[in-house]
Amino acid sequence: MIRIYRHLKDELGFHEIGFAPVTASNQQSYSISAADMESVIAQFHALAEEWLAFALRGEMHGFSNVSETIGELVQGVNKSHPCGAGLGLLGVGPSGDLAPCHRFVDADSHSLGHISTGIDRDKRTHFLTKGHVGAKYDCQTCWARPLCAGGCHHEAFVRYGDTGHANLHYCDWIRDWTDTCLRIYGAVSVQNPAFLRRFAERRALS
Ligand code: SF4
């Protein structure tokens, strides 16, 4: 992962690079094994350490998995849903079907309408009601829920057959990553607080 990061950042010149481990049931041959996931997590942490060192020097590092979370912390985000699927974005398939996001496009289920007829508001309401963090029993006592909100709808569907299920298979990872970003936020707040100002408008600028 770090090798890919260096290639995209240093050789191709991208401003920011983020990573999302592939969504798959653990029966799929391309799913990430536990050992490989440990390696991925270790590399997430290595890049996070670099991000902090850059921030303390007042420089932007390009690892957006940290930048996004720091932006959310600075803005005081408290999510009702894990992402904008069905809220601020839809996926549109070649057939014209509307889906909650690109991951559901032209799947047999979860159509939220068609470009010829518009958004099916009842289906959209059903999807969003199921996906609300308040509907996920396991998340109610979790301190990470303002940022996680139960995790990816599509991953929940692939793993549990239900877009409204909490992604319990990665809670430990989410809480560990959130803790890492909170520590970075705390360190930068104390040692270089002016640096955090640039994240206040991050969404508006992107
Ligand atoms: S980490 Fe797990 S329990 Fe906590 S909000 Fe996310 S899915 Fe829910």
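Start at 1 and go down the list; that is how both ligands and their atoms are numbered.
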Output all residues satisfying salt bridge (charged side-chain N to carboxylate O under 4.0 Å, His left out) with Asp162, sequence neighbours left out; order by chain, then residue number.
-> Lys130
With a 4.5 Å heavy-atom cut-off, do Arg159 and His169 have their side chains touching?
-> yes
Phe104/His153 aromatic ring centres below 6.0 Å | no
Pair His114, Asp120: side-chain N/O donor-acceptor within cut-off below 3.5 Å | no
Under 3.5 Å, which donor-acceptor pairs do the side chains of residues 79-89 form with other protein atoms, sequence neighbours left out?
residue : atom : partner : partner atom : Å
Lys79   : NZ   : Glu72   : OE2          : 3.1
Lys79   : NZ   : Leu147  : O            : 2.9
His81   : NE2  : Leu128  : O            : 2.8

What is the total of protein N/O/S atoms that are closer to atom 6 (Fe) of ligand 1 than 2.8 Å?
-> 1
Residues at least two apart in sequence or cross-chain that pass side chain to side chain donor-acceptor pair (under 3.5 Å) with Ser95, listed by chain then number, are Asp106
Atom indices of ligand 1, in the order listed, that fall short of 4.0 Å to a heavy atom of Asp138 = 3 (S)
